[in-house]
Amino acid sequence: MSAIAVNQFAQCITCHAWSPDHSMVAFCPNNNEVHIYRLSQDKWEKVHVLEKHDQIVSGIDWSPRSNRIVTASHDRNSYVWNLEGSEWVPTLVILRLNRAALCVQWSPKENKFAVGSGAKTVCICYYEQENNWWVSKLIRKRHDSSVTSVAWHPNNILLATTSADGKCRIFSTFIKGVDTKDSRTGPSSDSKFGEQIVQLDLSFSWAFGVKWSPSGNTLAYVGHNSMIYFVDEIGPSPLAQNVAFRDLPLRDVLFVSERMVIGVGYDCNPMVFAADERGIWSFIRFLGERKTISSGSKYGSQFSEAFGKLYGQSKHGLSNDAVEPSRSRGGIHDNCINCILPFRLSEISTVMRFSTSGLDGKVVIWDLENQADLSEYL
């Protein structure tokens, strides 16, 4: 079994984040609070409760270098939390939103963070030294629905977004006085703030979860139609691949190396995707154990077979007889996994351990080191 730690923190978790040394975890237990637990003598102890938001906290990110926490909430606000002594002190960020903030992520240099919202906008927030506050610039009139996920390119300038309008977009976030000109390389070299670099119309359903590969050469995102999309050579003529699978849709993805991606979602079990020597991506296997469902569950079997035919046959040319038998969704997680984060990197920046959290209230740490069949992709 690849899961090395299973922690039941709450009845439901909307998002989680790790401290820089991974000794503490912050998560939202499906309310307006953020709970911070510290590992002490093999036991998790609650050490802080961040109480400032009025509604569910939908996004948390903990910066690894500056040790700051940023939170985003359905109350349309975002806070940057700084540890002063033994207390976390919040600073309000004026987002100017009229709908919920749905996701948030620090940029690689930690001088900016992006907030996706239900207002069809993305807020790029940065610190103004003169006024001692965080301000935001908005990317407007580009999305046709809620922005469900954001991901920063390693160059600190490009930002990828997914939306409930089914599209993935890439924008330039260059801010004069915050970013340096030497960081503008590739397709963003001459782009101004908010300029759309490319729009990807690969999905015909809601799009969730987007990530860049460690080098920034490949982009992966997922759709609610049980498909995952891989895009290379971002620019005017990107190269795109899509992989259809027969199980339930994914909600989030993580590159563990240039050639391997972990996807998590409604199937309650991490899925492994990998690229061969030619760069062709495919589904490899589920990471966790799965139990075979009993033959007495007739309705569940018929439903799963129909689901497999709908999403799997057209892409792979399979006959109806080739549909796999129904399997239970059981495993380590008991409900949808909605968040996946790196936990430990190797010397070559490969993610050897990662963590997942979900609607079952668990935070699970997974290990890839002893997976012999996956070693060639790491």
Side-chain angles (χ1 to χ4, degrees), residues 9-10 13-40 44-97 100-117 122-138 150-152 154 156 159 173 175 177-180 183 339 341-343 345 355 357 363:
F9 285 116
I13 292 178
T14 58
C15 49
H16 78 285
W18 293 96
S19 64
D21 61 358
H22 296 94
S23 64
M24 292 188 287
V25 61
F27 63 87
C28 170
N30 200 34
N31 57 21
N32 63 324
E33 299 175 347
V34 173
H35 294 186
I36 299 179
Y37 279 70
R38 176 188 287 121
L39 184 62
S40 177
W44 289 95
E45 299 178 351
K46 185 190 296 185
V47 291
H48 299 285
V49 177
L50 309 185
E51 300 176 287
K52 201 64 178 177
H53 289 287
D54 298 327
Q55 297 182 30
I56 290 177
V57 176
S58 49
I60 305 172
D61 198 15
W62 201 327
S63 60
R65 287 185 290 181
S66 58
N67 195 35
R68 292 184 299 223
I69 299 175
V70 61
T71 58
S73 167
H74 289 184
D75 63 10
R76 301 170 294 171
N77 290 323
S78 180
Y79 289 93
V80 174
W81 303 78
N82 290 279
L83 185 61
E84 298 182 4
S86 61
E87 298 294 327
W88 287 95
V89 179
T91 302
L92 177 64
V93 183
I94 306 300
L95 297 180
R96 295 176 290 161
L97 295 176
L102 301 179
C103 52
V104 63
Q105 188 179 49
W106 286 105
S107 68
K109 293 184 179 179
E110 301 178 13
N111 59 347
K112 301 182 290 186
F113 61 88
V115 178
S117 73
V122 179
C123 305
I124 307 300
C125 307
Y126 59 97
Y127 188 70
E128 271 195 354
Q129 194 73 35
E130 302 81 16
N131 299 312
N132 191 29
W133 60 13
W134 290 84
V135 296
S136 63
K137 295 187 69 172
L138 270 61
V150 294
W152 288 95
N156 207 70
L159 181 76
T173 67
I175 299 176
V178 178
D179 298 301
T180 57
S183 62
C339 186
L341 296 173
F343 186 79
L345 302 179
S355 64
S357 64
V363 175

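Basis for what follows: all heavy atoms, side chains included, without hydrogens, waters or symmetry-related copies.
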Check Lys109 with Asp179, please: is the shortest side-chain N to carboxylate O separation under 4.0 Å?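 Looking at Lys109 together with Asp179, the answer is no, because their closest N to O distance does not fall below 4.0 Å.
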
Tell me whether the rings of [X] and [Y] are parallel (<30°), tilted (30 to 60°) or perpendicular (>60°).
X: Trp134; Y: Trp106; value: perpendicular
X: Tyr79; Y: Trp81; value: tilted
X: Tyr37; Y: Phe27; value: parallel

Identify the heavy atoms of [X] and [Y] that sit nearest to each other, and give their distance.
X: Ser86; Y: His48; answer: O-CE1, 3.0 Å
X: Val57; Y: Thr71; answer: CG1-CB, 4.3 Å
X: Trp44; Y: Val25; answer: CZ3-CG1, 3.8 Å
X: Glu110; Y: Arg68; answer: O-NH2, 3.1 Å
X: Ala72; Y: Ala101; answer: CB-CB, 3.8 Å
X: Cys28; Y: Ile60; answer: N-CD1, 3.8 Å

Checking the side chain of Ser73 only, and the main-chain atoms of Ser78 only, is there a donor and an acceptor separated by less than 3.5 Å?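 Checking the backbone N and O of Ser78 against the side chain of Ser73, no donor-acceptor pair under 3.5 Å is found.
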
With a 3.5 Å distance limit and no angle check, can you tell me whether Asn131 reaches the backbone of Trp133 through a side-chain donor-acceptor pair?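 A pair under 3.5 Å: no.
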
Donor-acceptor pair between Asn82 and Asn67 side chains, under 3.5 angstrom: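 There is no such pair (donor and acceptor under 3.5 Å, judged by atom type) between the side chains of Asn82 and Asn67.
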
If we ignore angles and hydrogens, is there a donor and acceptor under 3.5 Å between the side chains of His53 and Gln55? no

Assert yes or no for the condition that the ring centre distance of Trp18 to Phe343 is strictly below 6.0 Å. yes

Start with the C-alpha gap between Asn156 and Asn111, add the side-chain angles, then the distance that decides, and say whether side-chain hydrogen bond (donor to acceptor under 3.5 Å, both in side chains) holds. CA-CA 9 Å; Asn156 207 70; Asn111 59 347; 3.1 Å; yes

